[in-house]
Amino acid sequence: MTAGVTLIVWSEDQAEETAGHLAHYASTLRPHGVQLLVADRSASESGRQRVGRMSREAGGIFVSNTAIGALLRGVQQALLAATTDYVMLAFPEERPSWETLQGLISAFGTDQNTIVALPVEDMSSVSAPDAMGPVKHAPIIGVFFYLLGTQPGWRGMFKRDEFAGVTGDIAGVASDDSEFTHKAIVVYLLTMGRIAQVRTQGEFDMGDAWRTRSRSGWPAYFGSPAFSQQYRQILALVGKNLPEELFVTPTTPDILASGFAAYFSQRMSWDLMRANVDQIRGVNPSRLEEVAE
Amino acid sequence: MNISTVLVPTYDRPKELARLLGYMKGDWLRPERVRIVVADGSTSEQLAEENAAICRQYGAVYRRYPAELLFFARIADAIRATVETESVVVFGDDDILCEQGFADAVDFLAANPEYAVAHGRYIGFSGPGSMEECYAAPSHDQDDPLERFFRLMGHYRAPAVFGVWRTTVSVRTFEALASLSPPGLPGTYGWYTVQGTHDAIASETLIAAGTTLFGKEKRLDSLYCARKFVSWGAKYVHYTSYVRDEPLAERFALLKQGVLGLAPSSVDNAALGQVFDSALGCMIGRTLGDEANSMKKALLGLAGRAAAERDAQVAAP
């Protein structure tokens, strides 16, 4: 096994963006030995075939399934067969640079307990790490501040073995919402070891696509029995790795639940919901009017 | 001033009721200006008798209800049975309705038929010298009812329930609330209390639906109400546990059904369903964000104290 990276691209009805991402991969990352795994959850057979063809042409492994749990199991199997130490998740609209990947790899250093390397802006809410002092490296604190951050869940680099294991566990309780599932995977990983923060040299150039991805369905989904069940299962999975009680109050489960509260609140923010309603009503965004209020 | 009705729900609190009606005595209680109805859910005959005597003293209409009757059912019945004026305000026995703001709101509603609710500025107090303006919010007077509903819920800052309502809208809204309230809700003064926990979603959502789907909501500049802020001992819902334990899912579906059923036929039901999702999402999202921010402050505080203790240990000889 080489100390390289497998880039996992999560594609979901985004053939055009995926094509752009694969072109970026072929010209920028493949020359450095970065391997490619495309996990596709497109709804149509023709869409899956197209992404599969592009992925193989780019020299990548392709796994596909419309059921998120089955797809994650496919990812797990593919990763166990891969020959890299690290994995990194990306959505098609993202363009991670080689410099970014290098910076993240270097963050693992020689510390065996470091399991996740995150770009520093991803942990922006931990911008007061000095204030965190002695609890800086407590997993539950890392989890809380990670969830408090505003970036989507998949940014960062992970040790392959742990990532594959976690993916298999989460596959059993996977949520219908891809991003929530990804967030759960990262949170689960964060409970297993240290988080290394890296000020990366390159930028992701990920745009704003994540803000509107499936967001219109979030509130109703959040209020569904299926979501409640999955959330409970994820809390149980993640919670079993969090034995330490740093404080009497708040307790570790309280901190974990509040962290998820932060994440949920971002997904149902005024801006996102305002955009939904403007779309439903077929009107132009009325934000100027909002400010005037 | 046009004539209106003040409906006072009360229970077991003759002192508060006497204080409120005493305050309103003077010009307030002239029958050509305002009628007072008291809907009493007291738990004992003695307290009910005291309340009835107070009402006789001040010329208020008194109606007794079983203590176990749902609070919202009591309100709906009292309005239906006693209110003959075009507008009505449902007002707690421990708050202060300000005369000028009330008169302005009643007159505004009478002159503007496209409005369902009117009220004004609020101040809150918890004791002498602790008074400040609260519930500051804009009017929700956009032409599109969907936009009004989303804005009121999404930026929820003020309980429009305390405003002067068009009576027809008020009855429909409180009946909807009564039909959706879970069994076992005590007949006490529990606006938002469901089985011992503070549930802002149910009542505030349906009240927002009533005040915005049937007409516009007006905020006048007059001082309208002074509210006494006291701790009434209810536990507050933490939404993270609410979703984990599933009542949110049940409630979400029930409320959506309630709002869709409440809406006038002129409102596009399919679009309202989608707007409902976003509006509830916004309201829940804000509550969850507040919860997370409180935790962040607590953690940073604990970490700061731990760091200070460590520094003190290092500095010690």
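Predicted model, so just to flag it, every value in this text is computed and none were measured. The sequence lines fix the lettering, A, B, ..., with proteins before strands; numbering per chain opens at 1.
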Student: Would you say that more than 12 heavy atoms from the other residues, nucleotides or ligands in this model lie under 6.0 Å from the CD of B/Glu132, or not?
Tutor: no
Student: For A/Asp254 and B/Met295, which heavy atoms make the closest approach, and how far apart are they?
Tutor: O-CE, 3.5 Å
Student: Heavy atoms only: give me the nearest B/Ala249-A/Pro225 pair and the separation to one decimal.
Tutor: CB-N, 3.4 Å
Student: If I measure from the heavy atoms of chain B, does A/Phe227 come under 4.5 Å with its side chain, its backbone, both, or neither?
Tutor: side chain
Student: With the side chain counted from C-beta on, respond yes when B/Glu147 and A/Val277 share a heavy-atom pair under 4.5 Å apart, and no when they do not.
Tutor: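 Yes; the side chains approach each other to less than 4.5 Å.
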Student: So how far is it from A/Arg281 CZ to B/Leu146 CG, rounded to the nearest 0.5 Å?
Tutor: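 If we round to the nearest 0.5 Å, A/Arg281:CZ and B/Leu146:CG are 7.0 Å apart.
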Student: Looking at CG of A/Leu148 and NZ of B/Lys296, how far apart are the two atoms once the value is rounded to the nearest 0.5 Å?
Tutor: 5.5 Å
Student: If you draw a 6.0 Å radius around NZ in A/Lys240, do more than 12 non-hydrogen atoms from other residues or ligands fall strictly inside?
Tutor: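 Yes, enclosed.
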Student: With rounding to the nearest 0.5 Å, note down the distance linking CZ in A/Arg267 to CG in B/Leu288.
Tutor: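 The distance works out to 13.0 Å.
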Student: Do A/Met268 and B/Ile284 pass the side-chain contact (heavy atoms from CB on, under 4.5 Å) test, and can you show the C-alpha distance, the side-chain angles, and the key distance before you say yes or no?
Tutor: CA-CA 8 Å; A/Met268 295 183 287; B/Ile284 295 169; 4.3 Å; yes
Student: Of all heavy-atom pairs between A/Pro219 and B/Gly281, which one has the smallest distance, and what is that distance?
Tutor: CB-CA, 3.8 Å
Student: Output the distance between atom OG (A/Ser265) and atom CG (B/Asp290), rounded to the nearest 0.5 Å.
Tutor: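 Here the rounded value is 8.5 Å.
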Student: What is the distance from atom CZ of B/Phe252 to atom OH of A/Tyr221, rounded to the nearest 0.5 Å?
Tutor: 13.5 Å
Student: First locate atom CH2 of A/Trp270, then atom CE of B/Met283, and finally report the distance between them rounded to the nearest 0.5 Å.
Tutor: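 Taking CH2 in A/Trp270 and CE in B/Met283, the distance rounds to 13.0 Å.
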Student: If I measure from the heavy atoms of chain B, does A/Ile280 come under 4.5 Å with its side chain, its backbone, both, or neither?
Tutor: side chain
Student: With side chains defined as the heavy atoms from C-beta onward, is the minimum distance between B/Arg286 and A/Met273 less than 4.5 Å?
Tutor: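 Sidechains of A/Met273 and B/Arg286: no contact.
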